[in-house]
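So you know, we letter chains A, B, ... as the sequences are listed, proteins then strands, and number each from 1. Since this is a predicted model, take the numbers as computed values, not measurements.
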Amino acid sequence: QKEVEQDPGPLSVPEGAIVSLNCTYSNSAFQYFMWYRQYSRKGPDLLMYTYSSGNKEDGRFTAQVDKSSKYISLFIRDSQPSDSATYLCAMSAVTGGGNKLTFGTGTQLKVEL
Amino acid sequence: SQTIHQWPATLVQPVGSPLSLECTVEGTSNPNLYWYRQAAGRGLQLLFYSVGIGQISSEVPQNLSASRPQDRQFILSSKKLLLSDSGFYLCALEARAGNTIYFGEGSWLTVV
């Protein structure tokens with residue numbers, strides 16, 4: 001079993017839809033949770049960063065962490081064609097030498113006009 | 001703000017040839033630096049990380065090596081490339097003040 005599971009998609013939605021992207025994980029030591037957006041042939045850009053459980057909102061994006069269920073989500077409201085990208089979840093435990101992220105494989109999202 | 005420069009952006013190398021990918025960062029001092037590889041359809045795999053000059057930790061056994069000759073420079077190398085070394089190589093930094101990791105634009109390597 002992988003430490004982080006993420007549905008690869010592709011996920012296709014109409015413009016304006018609410019998008020829900022999810023990851024599950026098995027390592028209970030994970031405390032830091034991140035979502036990255038990666039456009040084709042580009043490096044990932046950090047979208048959201050959360051620590052421990054709860055919700056965090058930033059504009060059209062909401063990140064949700066449920067540590068009891070080992071489940072994290074990213075919601076995108078009023079989705080736009082420019083949101084079409086691959087979304088990667090990532091997480092880490094506190095370590096003494098470097099913050100080593102464990103990534104999901106990414107969900108490909110396409111927002112259609 | 002922090003900036004990560006990677007080069008070359010794209011390269012095609014024959015099997016058995018050497019490799020050198022360079023990463024330099026700006027806008028921060030004494031960062032943690034990372035090399036990740038992303039193979040097609042797979043997540044990012046951590047290859048090396050460095051918490052300071054000359055300090056390298058390897059995460060997976062492989063045909064690659066890394067060096068950090070200066071605080072803001074991180075180099076990924078190989079003496080003899082294998083076909084399986086093909087992929088998208090990403091340099092990343094973590095500023096000392098936080099736990100967030102930022103990525104460069106990456107280097108696409110095709111070994112033929």
Should [X] and [Y] be counted in the same cluster of Ile, Leu, Val, Met, Phe, Trp and Tyr side chains packed under 4.5 Å apart?
X        : Y        : value
B:Leu76  : B:Tyr49  : yes
B:Tyr34  : B:Val60  : yes
A:Phe75  : A:Phe61  : no
B:Tyr102 : A:Trp35  : no
A:Met48  : A:Phe103 : no

Find the distance between [atom1] ([X]) and [atom2] ([Y]) and round it off to the nearest 0.5 Å.
X        : Y        : atom1 : atom2 : value
A:Leu101 : B:Tyr36  : CG    : OH    : 4.0 Å
A:Lys100 : B:Ile101 : NZ    : CD1   : 11.0 Å
B:Gln38  : A:Thr105 : CD    : OG1   : 10.0 Å

### Exceeds 12 heavy-atom contacts within 6.0 angstrom, atom NZ of A:Lys42
no

ask   = Can you check whether A:Tyr36 reaches B:Leu44 side chain to side chain, under 4.5 Å on heavy atoms?
value = no

Minimum side-chain heavy-atom gap A:Pro44-B:Leu90 below 4.5 Å:
yes

Bottom line for A:Leu46: the part with an atom under 4.5 Å from chain B's heavy atoms is side chain

Correct closest heavy-atom pair for A:Gln38 and B:Phe88 would be NE2-CE2, 3.7 Å

Residue from A:Met34, A:Gln6, A:Gln108, A:Arg41 scoring the most non-hydrogen pairs under 4.5 Å with chain B is A:Arg41

Whatever's closer than 4.5 Å to a heavy atom in chain A on B:Gln55 counts as neither

